[in-house]
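First the proteins, then the strands, lettered A, B, ... as listed; each starts at 1. Computed over heavy atoms, backbone and side chain alike; hydrogens, waters and symmetry mates excluded.
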Amino acid sequence: MNWDPIILTFQLASVTTFLLFFIALPLGYWLSQTKNKFKPLIETLVSMPLVLPPTVLGFYFLIAFSPGNAFGSWLNEWLGIKLVFSFSGLVIASILYSLPFMVHPIQSGLTNLPTSLHDASTLMGKSKTTTLFKVLLPNCKASLLTGIILSFAHTIGEFGVVLMIGGNIPGETKVASIAIYDEVEALNYNTANVYSLILCVSTFLILLFVYLQNGGSLKKYRR
Amino acid sequence: MNWDPIILTFQLASVTTFLLFFIALPLGYWLSQTKNKFKPLIETLVSMPLVLPPTVLGFYFLIAFSPGNAFGSWLNEWLGIKLVFSFSGLVIASILYSLPFMVHPIQSGLTNLPTSLHDASTLMGKSKTTTLFKVLLPNCKASLLTGIILSFAHTIGEFGVVLMIGGNIPGETKVASIAIYDEVEALNYNTANVYSLILCVSTFLILLFVYLQNGGSLKKYRR
Amino acid sequence: MIKAHIEKTLKASENPLKIDVKIHVSRGMFASLYGASGAGKTSTLRMISGLLKPDHGLITNHEDLWFDSNKNITKNPKHRNIGYVFQDSALFPNMTVFENLEYALTNKRDTKHLYQLIKLMKLDELCNQKPGTLSGGQKQRVALARALAQKPALLLLDEPLAALDNESRVELQDCLLQVHKTFRLTTLLVSHDIAEILKLSDQVFVMDHGKITQQGSPKTIFTQNSLNENFEITGEISKIERQGIQFCMTVRIQNTSVKIMAKKFEIENLKVGDEILVGTKNFNPFVLKTSD
Amino acid sequence: MIKAHIEKTLKASENPLKIDVKIHVSRGMFASLYGASGAGKTSTLRMISGLLKPDHGLITNHEDLWFDSNKNITKNPKHRNIGYVFQDSALFPNMTVFENLEYALTNKRDTKHLYQLIKLMKLDELCNQKPGTLSGGQKQRVALARALAQKPALLLLDEPLAALDNESRVELQDCLLQVHKTFRLTTLLVSHDIAEILKLSDQVFVMDHGKITQQGSPKTIFTQNSLNENFEITGEISKIERQGIQFCMTVRIQNTSVKIMAKKFEIENLKVGDEILVGTKNFNPFVLKTSD
Amino acid sequence: TEKKVAPSIRIATAANMQFAMQDLCKKFTKFTGISCELIVSSSGKLTAQITEGAPYDLFLSANEKYAQEIFKLGKYQDKPRIYAFGNLVLWTMSDTTAELSLLQSEKIKHIALPNPKSAPYGKAAYEVLQALPNFQKLEKKLVYGESISQTNQFISTQAAEIGFTALSVVRSDPYKNKGKWTLLSSKKHLPISQTAILLRQNESAKKFYRFLFSSEAKKTLKKFGYLTRESKF
Ligand SMILES: Nc1ncnc2c1ncn2[C@@H]1O[C@H](COP(=O)(O)OP(=O)(O)OP(=O)(O)O)[C@@H](O)[C@H]1O
Ligand SMILES: Nc1ncnc2c1ncn2[C@@H]1O[C@H](COP(=O)(O)OP(=O)(O)OP(=O)(O)O)[C@@H](O)[C@H]1O
Ligand SMILES: [Mg+2]
Ligand SMILES: [Mg+2]
């Protein structure tokens, strides 16, 4: 058995989760605060990856990212970035694909904080950034953790998008879910089972941790 | 262009959502009430479809449901139900796959109701069922709606599982997401684009409706 | 007669709270449970009602055994027939006021009782409104009516008036008095308002850190306890005038005249010339020097 | 001197509420805003602080223009330097009491001011605790200290004591009095407790359905308003005894003796034999017939 | 909507064969009145589904291995039979002619081919590449499509500058005049044996099975770029 796909999967999940956190943070914060009338529209767009078939998404990524296309060639020529068949492309696609899994918990965590915390900090003359980092985020750690862990687990399980734009390059874009698919295609069911087991067990443990932790932190406030 | 896949998709989504509602209702209710120590475990299992690669899930469904297998043959012989390559099989797989999208909103809707509503009804001598249907559910309609609509939209977008156990049989298991895949495979990008457009627009509108409605119902209580 | 001898350890936050209480309330009496926040008042009520299971103990209502840890008997709360008013009213938002009352009826056809309650509690005009459109005071009035609709064997009131402003509060207290006069239900009220307890109840249990520290008549308890909570002085009625729906009595005390507003039922057996005792519970006076 | 002439229509629920108020509070004064629930008190405070934008109007603090709808000027709330105490305390749960106070400091090195506050408000022992472990009264004491830590130009208090039990409430009222004596901050308190307003404030605004219906000194307002809310009678001090940290005065009124507890600062210029006026605000008496 | 003509047969078809099969089916229906449904997917997935009892009448696999795998189950009477051989081409969307020598050029960043593990055309392409002198360098440029169709997507969207595909693809209607391609000699790789196995012994299915080996079918297969028994041997 080859461990590369497993290692690569965890690398992809880590990098994606890390970057996603910093993208989702301002977005979730904005959504939790705004009364803008376009808010439902933005919320819908953020949630689209939940309901779109990943292969559809992947196919359009392929078209958008490929250098034969205006956007893709612009990226390629001006920034020297090639998004198809590369780890960085997978990261970008995964970020888009896991976006709702990070934005939703952050947004709801911030929304559920009493507004008086935000107001109090503002009236003390603190900037929005100070308020966010010193007051709001430390008080919704559980939501942040949920977001981080869900995104991580979801990226581990990602398949359709990666299949479409990854090109199945060993050590670069061949993640575990693709490896399972490959082995199934090649009728090596035993190897597929081993990969699947590793994937299932690790996502299971990760989720169980979230729920144990959530239960625990909720219990403190339950009457 | 063939409308069959679109019609089939909406049929599948409707049947799945309908059945799922009645499965998720007792489950969500139980999760919202219980202090059982296995609760985090059940919550984890319910959430697994969120993070597992659909193709992995589909592959194991295929094996589990197939008449060559103990469970599949039992179903086949005793109940006369064949789950692979049939519409009913798709429904069952979709129910499992969309489970968290229905259970989560119902559970959180019920959890967020003041416990005093439940207590008050109990002390009036009402049974759990009466309390649930007369008091609790009517007061978390928004959550129920969210659950129904998310499940519906998610089933529309379903792909990996259906591809594996459905077998792509026109009029029976060839839903829109598979049709798109097929057309892309056959290099008919135009038809694929039309299908994708229909799928994207309908899921977009459905989600937008959820968020407009959520925003609206939240606004009433916002300070 | 309700008897509750119960023990339970609550493990919230760092320091667990051990509740260990003995409460006896005779049939038809109005008893109150007084204590600071966190003393365990709500938990006690929840245990009596069966919403929370005690660790040890015995609860009986007249001949009826509700809980016995030795015999391992727990009567389902839904069969205890308890009228319970929650601090947050707990009206069902999906039903109108009338539907809320109707839902609570044990016998769906007993509409006579329903209309009697609506009349008694002056709910006629609110009947078709949803709870969301009611004021805090109106909500609690409806919640009280709903608790009475099921003709309960016991009435438990958990700070029903704590969230109200002064005016609604006094109004609801009068309403509670009226109800108790009419139905003579055994009642247990949780409150941390001494004036309220003095006004309403026959008996008070003072609770502190899960234990009953004092019990007896409210007047004895609260006057011996905190000297300046209660104040009484005698005077003579010199005039009674009608003012709208109320009455205004002029009372001569020493050489000043004091005007006191009163409800109709309060002055029913009073007339000019009567000597009366004017008291205030919760006496929290200010003092100004007049001679200098 | 804070001046606020503001208008705003709030479109909550079915019937929108139009707030239209003129509030002037002179420098160093303690003013209160009184009114039933839903009258618009909180919204008014939020508009003054800048958390809510008025539709029209003008708000100035001394020479400083905070809001002018004509000139389209809105000063950012974070630059208004307002100390605000919320009903729910709004302490930051992730910080200890000390860190909460420190966070509010405008000048991080001004620890002298910090320690002065901690001493004044008796917070020494709470400094290292997290807000979650404090009682309701302690929480509000910390919240008040925190609002003072930033040396505010204006102190806004939104029912800081509404959720407290009697004992903590009276204690906090004394604390507020003390603070006002020490810092002489222009203060606006929202309350629907008449006794509290009478005890604390120089000036009261009565608010009803978004409008100021009455304003003036609390004594005038509340005595002319509801006859039996206020009660005064004269007596003579016959004894003053120390009892723990408090003092117990025996006052002879008519032929009864009444014992009244008092704080040290309250009896500073009183002695045995002095004639005093004993009053109670929020006079909600009961009447008993004694002659029959 | 037109009513479905009964009886009809379901043919599980490997992706590379789909264009030729569409044509064959049309002809077959015209002759016999029996309609055909094509289930197009990768050979691996179809094999898994047939193993689990998928209701297909006929399976056209892209190589012998998958058909043999199914025959091994012991449920079927007829041995798998090869009915045609596939041809491999090198295909590009750019203006330069597609030559094997072009692969080393700086401009070529990615070379697309189907996954050799599961797709017969991929395996053949890999064999061709391995025989090249500078294979080590080229290996870094390889990107794998899940099936031949995905490889076609990679090439046609220009995500990969060049790639290997089936002759039938570049001769199909959608791609007839797109890009440049060269046929690779079938001597450079093991034969790509298009294999058929009959899954159900019903009359219609048998009829199609027979039709597949008829000279009429062979004509069509040739037109789409396959070699048949006669032409090969
Ligand atoms: N179900 C429970 N499990 C564990 N601890 C609990 C539970 N319910 C309440 N507590 C804790 O027990 C203590 C007493 O709570 P309780 O609600 O009975 O007090 P209370 O006297 O009603 O106070 P208040 O006046 O604030 O309503 C509190 O510290 C509370 O956090
Ligand atoms: N941001 C807002 N937008 C619209 N309506 C609001 C807003 N905030 C409050 N309201 C509504 O305006 C009315 C007045 O609210 P406000 O909180 O100012 O009253 P209040 O006098 O402080 O009452 P309470 O004593 O209950 O705190 C209420 O009916 C409330 O629902
Ligand atoms: Mg309580
Ligand atoms: Mg308010």
Side-chain angles (χ1 to χ4, degrees), chain B residues 21 25-26 28-37 39-40 105-148 213-223, chain C residues 11 42-43 45-53 66 75-96 99-108 130-133 139-140 142-160:
Chain B
F21 181 76
L25 194 60
Y29 178 58
W30 181 78
L31 285 173
S32 77
Q33 297 284 327
T34 190
K35 280 165 190 165
N36 194 306
K37 64 176 177 217
K39 183 182 165 187
I106 292 183
Q107 182 189 348
S108 81
L110 289 173
T111 308
N112 289 339
L113 286 179
T115 48
S116 58
L117 293 186
H118 189 271
D119 292 346
S121 182
T122 306
L123 290 174
M124 284 170 200
K126 307 298 175 184
S127 69
K128 276 189 187 302
T129 324
T130 311
T131 304
L132 180 63
F133 284 97
K134 291 280 179 68
V135 175
L136 303 182
L137 293 185
N139 289 312
C140 56
K141 273 188 205 140
S143 303
L144 297 184
L145 195 64
T146 304
I148 288 174
Q213 192 268 349
N214 264 355
S217 62
L218 282 179
K219 229 173 268 160
K220 272 198 271 170
Y221 306 105
R222 193 178 301 142
R223 311 219 99 223
Chain C
K11 277 175 231 71
T42 297
S43 304
L45 244 55
R46 288 175 65 83
M47 283 192 280
I48 293 176
S49 67
L51 294 173
L52 188 68
K53 201 179 162 185
W66 280 359
K75 190 168 186 175
N76 193 316
K78 76 179 184 195
H79 297 130
R80 297 191 187 187
N81 194 19
I82 288 175
Y84 201 117
V85 178
F86 296 82
Q87 183 168 345
D88 68 347
S89 91
L91 293 177
F92 305 135
N94 58 315
M95 308 181 192
T96 63
E99 285 163 351
N100 262 283
L101 299 180
E102 204 182 16
Y103 182 82
L105 279 186
T106 322
N107 175 358
K108 281 273 161 289
K130 287 272 174 85
T133 66
K139 270 187 199 159
Q140 291 303 52
V142 176
L144 182 59
R146 191 179 64 171
L148 296 170
Q150 64 183 98
K151 295 191 175 162
L154 175 66
L155 190 58
L156 299 178
L157 310 168
D158 190 1
E159 307 195 33

Practice item. Determine yes or no for a side-chain-to-main-chain donor-acceptor pair under 3.5 angstrom, with B/N139 supplying the side chain and C/N94 the backbone. Key: yes
Review point. Near B/K134 NZ, under 6.0 Å, is it more than 12 heavy atoms from other residues, nucleotides or ligands?
Key: no
Exercise for review: Taking atom NZ of B/K37 as the centre, report whether more than 12 heavy atoms of other residues, nucleotides or ligands fall under 6.0 Å from it.
Suggested key: no
Check your understanding: Does the pair B/S121 and C/Y103 meet the rule for a side chain to side chain donor-acceptor pair (under 3.5 Å), with working shown?
Key -> CA-CA 9 Å; B/S121 182; C/Y103 182 82; 2.8 Å; yes
Review point. Atom CG of B/L123 and atom NE2 of C/H79: how far apart are they, to the nearest 0.5 Å?
Key: 12.0 Å
Point to revise | Region of B/P138 that comes under 4.5 Å of a non-hydrogen atom in chain C | key: both
Review point. Given side chains that start at C-beta, do those of C/P93 and B/L117 come closer than 4.5 Å, heavy atoms only?
Key: yes
Study note, to complete from the structure: So, the part of C/L156 with a heavy atom under 4.5 Å from chain B: the answer is neither
Review point. Going by heavy atoms in the side chains, are C/F86 and B/D119 under 4.5 Å from each other?
Key: yes
Review point. Roughly how far apart are C/R146 CZ and B/M124 CE, rounded to 0.5 Å?
Key: 3.5 Å
**Study point:** chain C contact via B/K141 - side chain, backbone, both or neither, heavy atoms under 4.5 Å
**Key:** neither
